[in-house]
**Student:** 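Pasting a structure here, questions to come.
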Number of protein chains: 2
Amino acid sequence: MSIHSLPAGPAIRPPFHVPPSYPVGGIGKVRLISLATALPLAERDTLEPLSRRVALDQKETLYGQDEPAVSVFNVSSGALRLYRILPDGRRQVTGFAFPGDFLGLSLLDRFTVSADALGPVTACRFERLAFMDLLRGQPCLMMHLHEILGHELSRAKDMMMLLGRRTADERIATFLMGLQERYVRIGRSSVTLELPMGRLDIADHLGLTIETVSRTFSRLDRDHCILIVPGGVRLVDHDRLARMSAH
Amino acid sequence: MSIHSLPAGPAIRPPFHVPPSYPVGGIGKVRLISLATALPLAERDTLEPLSRRVALDQKETLYGQDEPAVSVFNVSSGALRLYRILPDGRRQVTGFAFPGDFLGLSLLDRFTVSADALGPVTACRFERLAFMDLLRGQPCLMMHLHEILGHELSRAKDMMMLLGRRTADERIATFLMGLQERYVRIGRSSVTLELPMGRLDIADHLGLTIETVSRTFSRLDRDHCILIVPGGVRLVDHDRLARMSAH
DNA sequence: AACGGACTTTGCGCTGGATCAAGGACGCGA
DNA sequence: TCGCGTCCTTGATCCAGCGCAAAGTCCGTT
């Protein structure tokens, strides 16, 4: 099992760090909560006054696992990796967050994963307790968030199937197709997928080693299934990928 | 990857089957919703009038994946396995359900897994839409269920780490420790763990083959770490198991 | 344009767990 | 008590993916 899983990266869990933020007033009518289509506009308007903006540079940590969850976040731009680490350094990247995604939505009093920026990131921050108070008076919004959490759980089960039962090829194909689908959903439809995460992040997400990920990418490229381009991949044989990832 | 994953078992997803149920009135003060400690008594009283009782025999299906989720359930007695199956028969058991557990709590309009009985099972059934209506007027109860869902998601992430990064030994040890902890929580504390599921279920849960599960059990037994007994295992060297499963 | 550092790719040998193949244990119905 | 079906165990062999080592690529910096 990979011990080389840890990029020199940021210190793990600066124990109580809350990222810098400033009130959001006066930014005019820029929409900060960008949940793609998942939250109706009216509900975003309810939430927005409560939010403060956060900005992170690459590799900065938004929060660490087991830290008290003082905040809930909604990603505005950029991408983050969400992960857990075992004492011996083995890492599982449980997912990646993109614009529109909520972080800390389970509203538990501690974060269950760490989150750090893959590149420059901006997000909306909500004081968790205030957020919960608001929800108590907004059953409909609460229901929406519950539904989002339900979908997240369903995707977690997809991951279990993937990690427990699928081959390396299938994992990579599933990963690429899933990422494309997500990009479509947030309006970044394109044949060429940007991959803001590195090979090691993908490996730790899919339960593989960096070498296996790299080899599989290379082979898919050789087979004209994908085309590796700087910073991402172009999905060439979409059908074959879909067949490989079929569930 | 194991193709022998499917016990002769029940037909997969009888497409629209709702298990037999009958009104619950007149059972006196037997408590049907048995969420261990997770739900306060007052809230159970709110829910109970809405429920009907369901009984299943071994191998009967409570619901199938992708079936419209007309109901939500709370397990009263017995145990179920929750799983997904790929077209080629590979199976991932996403979890097991025990007394007190809610099923279908994400309230999505379709079930995301199949659920069938490992032995005789009884459960409370709620009409999902009525259940949701009730919740809209009970923000506090809604919050509780959201929290439960959050914990479920957290355990799903534990599973990702386990499936993606841990060895066979660690998986088995983690499984046994986790099961014991759950038994403690529902008041079935005991050194001897009953295992209502078969080796194949455990294998499909942990992303292993039945042979590896069997061999690992045998070795742990030989090493006096556990003692295999009919229908379960006795945890002999609790500390070593805990060390193996350490996170 | 030369250097250094981080990341990625590739070759090669190895191994943990899968696969294949026999038996063994147990319960149940005739 | 026997026979049968289901589940579990054990041995022998195999192989997908791992671990190690060495280049190769791409930047940003000087």
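Only a predicted model underlies this, so the values are computations on that prediction, with no experimental measurement involved. Reminder, nothing fancy here: chain letters follow the sequence lines and each chain counts from 1.
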**Student:** From C-beta outward on Ile228(B), which listed nucleotide comes closest to its side chain: dC18(D), dT9(D), dA18(C)?
**Tutor:** dT9(D)
**Student:** Between dG17(C), dC7(D), dT9(D), which nucleotide has the shortest distance from any of its atoms to the side chain of Lys59(B)?
**Tutor:** dC7(D)
**Student:** Got a second to check how far Asp116(B)'s CG is from Asp57(B)'s CG, nearest 0.5 Å?
**Tutor:** 12.5 Å
**Student:** Within 45° of the axis and under 6.0 Å from the centre of the six-membered ring of Phe217(A), does NZ or CZ of Arg199(A) qualify?
**Tutor:** yes
**Student:** Among dC8(D), dA21(C), dT9(C), find the nucleotide with the atom closest to the side chain of Ile210(A).
**Tutor:** dT9(C)
**Student:** Rounded to the nearest Å, what distance is computed from the CZ atom of residue Arg165(A) to the P atom of nucleotide dA16(D)?
**Tutor:** 16 Å
**Student:** Kindly say if Thr212(B) contacts the phosphate of dA18(C), meaning a side-chain N or O under 4.0 Å from OP1 or OP2.
**Tutor:** yes
**Student:** If each of Val213(A) and Pro230(A) is mapped to the nucleotide of DNA chain D with the nearest heavy atom, which maps nearer the 5' terminus, i.e. the 5' end?
**Tutor:** Val213(A)
**Student:** Can you see if the side chain of Thr167(A) gets near the phosphate of dA16(D) - specifically, an N or O under 4.0 Å from OP1 or OP2?
**Tutor:** no
**Student:** Within the 4.0 Å heavy-atom criterion, would you say Gly207(A) contacts the bases, only the backbone, or no part of the nucleic acid?
**Tutor:** sugar-phosphate
**Student:** I need the CZ-P distance between Phe217(A) and dT25(D), as an integer number of Å.
**Tutor:** 19 Å
**Student:** With sugar-phosphate meaning primed atoms plus P, OP1 and OP2, does Ser214(B) contact a base, only sugar-phosphate, or nothing at under 4.0 Å between heavy atoms?
**Tutor:** base
**Student:** Grab the CD1-C1' distance between Ile172(A) and dT8(C) for me, whole Å please.
**Tutor:** 14 Å
**Student:** Would you say the side chain of Glu211(B) and the base of dC8(D) hold a donor-acceptor pair, judged only by whether the two atoms sit under 3.5 Å apart?
**Tutor:** no
**Student:** Counting only side-chain heavy atoms from C-beta out, which of dA18(C), dT9(C), dG17(D) sits nearest to Thr209(B)?
**Tutor:** dA18(C)
**Student:** Does the base of dG11(C) carry an N or O that pairs as donor and acceptor with the side chain of Arg215(A) under 3.5 Å?
**Tutor:** yes
**Student:** Could you measure the distance from the CE atom of Met197(B) to the CZ atom of Phe96(B)? Nearest 0.5 Å is fine.
**Tutor:** 4.0 Å
**Student:** Round to the nearest Å and state the distance from Asp204(B) atom CG to dC8(D) atom C1'.
**Tutor:** 15 Å
**Student:** State, with a plain yes or no, whether a side-chain heavy atom of Arg81(B) is found less than 4.5 Å away from one of Asp204(B).
**Tutor:** no
**Student:** Which whole-number value in Å describes the distance from Leu162(B) CG to dG17(C) P?
**Tutor:** 12 Å
**Student:** Can you tell me if Arg171(B) uses its side chain to pair, donor with acceptor, with the backbone of His205(B) under 3.5 Å?
**Tutor:** no
**Student:** Where the side chain of Ser218(A) is defined as all heavy atoms beyond and including C-beta, which of dT9(D), dT10(C), dG17(C) is the nearest nucleotide?
**Tutor:** dT10(C)
